[in-house]
Number of protein chains: 2
Amino acid sequence: MRTSEKEIVRSLPLFSEMAEDHLDEMLTGSFLQRFPATVVLFSESDHTDFLHVLVDGQVELYASANNREGTMTLIKPVATFVLASALTDSAYQLSARTLESSQILMIPAQNVRTAMSNDQGFAQKAVRELALCYHGVVRAYKNIKLRTAVERLANYIIVQNRRQGETGVIKLPIEKRTLASMLGMTPENLSRAFATLKPYGIRVDGAEICIEKPGDLETLAKPSELIDAH
Amino acid sequence: MRTSEKEIVRSLPLFSEMAEDHLDEMLTGSFLQRFPATVVLFSESDHTDFLHVLVDGQVELYASANNREGTMTLIKPVATFVLASALTDSAYQLSARTLESSQILMIPAQNVRTAMSNDQGFAQKAVRELALCYHGVVRAYKNIKLRTAVERLANYIIVQNRRQGETGVIKLPIEKRTLASMLGMTPENLSRAFATLKPYGIRVDGAEICIEKPGDLETLAKPSELIDAH
DNA sequence: CCACCCAATTGATATATGTCAAGCGTGGAT
DNA sequence: ATCCACGCTTGACATATATCAATTGGGTGG
């Protein structure tokens, strides 16, 4: 564990309040590893051996059932994932694969649980982190349960526009088939959803989306503070 | 706050490790209240003033968006709800209403947050509780994203059968329209889903469901340890 | 520069689910 | 006992979404 890696961990809110010696202890046996694109990191029924910290790259968490597969969420650096599974010493509930070449710090789950019971500051931060993760999934659940495919796409565009500086032009940060899976539809249906949004001022050119009538788009999308991420 | 109510709180894993004086302090200003059926307890955008403990009755957590409404989960006694919102001092992410006459203990959210920062044992238990809640929503999310309506119903029947003693006959604990909403479909579609399950040995007589071919049902449902509750 | 690969698109069609309307049945109130 | 309210069911139809097949088109390696 080199100093720079320790600083990356320290910079995350989750670990910001942890005592120095507890942090060192937790990072013992941790290792930073680079994976190429399209590599499966773990599968949903595997036992959780590591808390993962995505340092660089991009990771997709997905799930399978009844011969179907779907993207549950995307992880962007720098962020931890599978904290809940690591803390409860249970199975990963989701599978993970790299979408691009990625650097991941792997911390033994047992170390995390030990730190949890020894370090008051860490426990407090973990509570906050888990509560935020919980709200994140609730949002995703509401999104898919209460909105149609076209509405989900419209809201995705609105959120991306906000994140990319409200310029009216966004660049999709992921492949369309991944976006389709994340929005809970097929790639074919995503193409048609974009076509449906044409009368609402959406122009598509490859990965570039142009929003010509923001008002009309919002009328259709009905964005909600309680569903869409900030 | 009477002794019996304190004992109810103490019996929950979440509060089992809390120091006596912290518990007393937290329960100061708490009150036990009885609500009739069909009463809205709070709405999703309201600020979270109380952590709720359902002592008796049944509560539905639901959400609204784009002129649609859906049941997110059902709370059965004895259990807490909206812990994550209470701890982060944010809005309830869901609305709540009683399904039947219910007794609810309401604990000021500020008290819970204070107890959280003062009581090590409580913080540890809260971490565990939040991790379990998180996994619960992930399951629900996978359920709706990866299964069809008929598959969700089939798995619901299998889980209920297990919970009610594997007798092959179950009694629906909720109205069919509520079940429909929880499974993410309309009441009409639920009726048809039951009809679809007829060839798989499902007989319906009011709230009583008879499972005549458990094997066939499982083949259709493909139950998963990682989606269906224990 | 060309050829190939693969994501994306488009069309035709099938399936899943929702909507609207009507009718049925049971349980509670008068 | 009768009537009414309401949840449930059923049918006809509309919409949403998936599937299968064919084609397009951009990027990359040879």
Side-chain angles (χ1 to χ4, degrees), chain A residues 36-38 58 60 64-71 97 99-101 143-156 171-200 202-209 220-221, chain B residues 36-38 60 64-71 99-101 143-156 171-200 202-209 220-221:
Chain A
T38 331
Q58 193 164 17
E60 175 190 10
S64 309
N66 300 53
N67 295 322
R68 266 154 260 156
E69 184 183 296
T71 305
R97 71 181 147 227
L99 286 180
E100 45 189 89
S101 168
N143 192 35
I144 198 147
K145 195 152 179 180
L146 298 173
R147 286 173 172 161
T148 65
V150 172
E151 287 167 354
R152 294 196 294 275
L153 174 59
N155 280 292
Y156 176 84
K171 179 146 185 304
L172 296 179
I174 48 177
E175 286 188 353
K176 282 184 186 149
R177 57 179 183 155
T178 307
L179 176 59
S181 180
M182 199 177 67
L183 294 177
M185 57 180 129
T186 58
E188 293 96 325
N189 203 25
L190 177 61
S191 279
R192 294 187 179 110
F194 273 122
T196 304
L197 290 180
K198 207 169 177 181
Y200 296 88
I202 296 300
R203 303 279 140 185
V204 181
D205 178 20
E208 202 168 280
I209 315 293
L220 173 83
Chain B
T38 330
E60 175 190 10
S64 309
N66 299 53
N67 296 322
R68 267 153 258 153
E69 184 184 298
T71 306
L99 286 179
E100 46 188 88
S101 167
N143 191 36
I144 199 147
K145 196 152 178 181
L146 298 172
R147 286 173 172 161
T148 66
V150 171
E151 287 167 355
R152 294 196 295 275
L153 175 60
N155 279 293
Y156 176 85
K171 177 146 187 304
L172 296 179
I174 48 176
E175 286 188 354
K176 281 184 185 149
R177 57 178 183 158
T178 307
L179 176 59
S181 180
M182 199 176 67
L183 295 177
M185 57 180 128
T186 58
E188 293 96 324
N189 203 23
L190 176 62
S191 279
R192 294 186 179 110
F194 273 123
T196 305
L197 290 179
K198 207 169 178 180
Y200 296 87
I202 295 301
R203 303 278 141 185
V204 181
D205 178 20
E208 202 168 280
I209 314 292
L220 173 83

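Here is how names work: the chains are called A, B, and so on, in the same order as the sequence lines, proteins then strands, and each is numbered from 1. Because only heavy atoms are used, hydrogens play no part in the values below, and waters and symmetry mates are left out as well, while side chains stay in.
Atom CZ of residue B/Arg177 and atom CD of residue B/Glu188 lie 12.5 Å apart, to the nearest 0.5 angstrom. With rounding to the nearest 0.5 angstrom, the OG1 atom of B/Thr196 is 9.5 Å from the CG atom of B/Leu220. Atom CD of A/Gln58 sits about 7.0 Å away from atom CD1 of A/Ile174, to the nearest 0.5 Å. Atoms CG and CG, on A/Leu179 and A/Leu153 in that order, are 6.5 Å from each other to the nearest 0.5 Å.
In this structure, B/Lys145 atom NZ and D/dA18 atom P are separated by 11 Å, rounded to whole Å. Rounded to a whole Å, the CE atom of B/Met185 is 23 Å from the P atom of D/dT15. When rounded to the nearest whole Å, the span between CZ of B/Arg152 and P of C/dA16 equals 12 Å. The nearest whole Å value for the distance from the CD1 atom in B/Ile144 to the P atom in C/dA16 is 16 Å. When the P atom of C/dA16 is taken as reference, atom CZ of B/Arg147 falls 16 Å away, rounded to whole Å. One can place CG of A/Asp205 at 14 Å from P of C/dA8, the figure rounded to the nearest angstrom.
Which of D/dT10, D/dT17, C/dT9 sits closest to the side chain of B/Glu188 comes down to D/dT10. When the nucleotides D/dT17, C/dT17, D/dT9 are ranked by their closest atom to the side chain of B/Val204, D/dT9 comes out on top. Which of C/dG18, D/dA18, D/dG7 sits closest to the side chain of B/Glu175 comes down to D/dG7. If you check D/dG7, C/dT9, D/dT9 against the side chain of B/Arg177, the one that comes closest is D/dG7.
In this structure a side-chain-to-backbone donor-acceptor pair under 3.5 Å is missing from A/Lys176 to A/Ala207.
Nearest-nucleotide mapping onto DNA chain D: of A/Asn189 and B/Ala195, the residue sitting toward the 5' end is B/Ala195.
One N or O donor and one acceptor, one from the side chain of A/Arg192 and one from the base of C/dG11, sit under 3.5 Å apart.
In this structure, A/Thr186 reaches the bases: a heavy-atom distance under 4.0 Å links it to at least one base atom across the strands shown.
Under 4.0 angstrom from either OP1 or OP2 of D/dT10 there lies no side-chain N or O belonging to B/Ser191.
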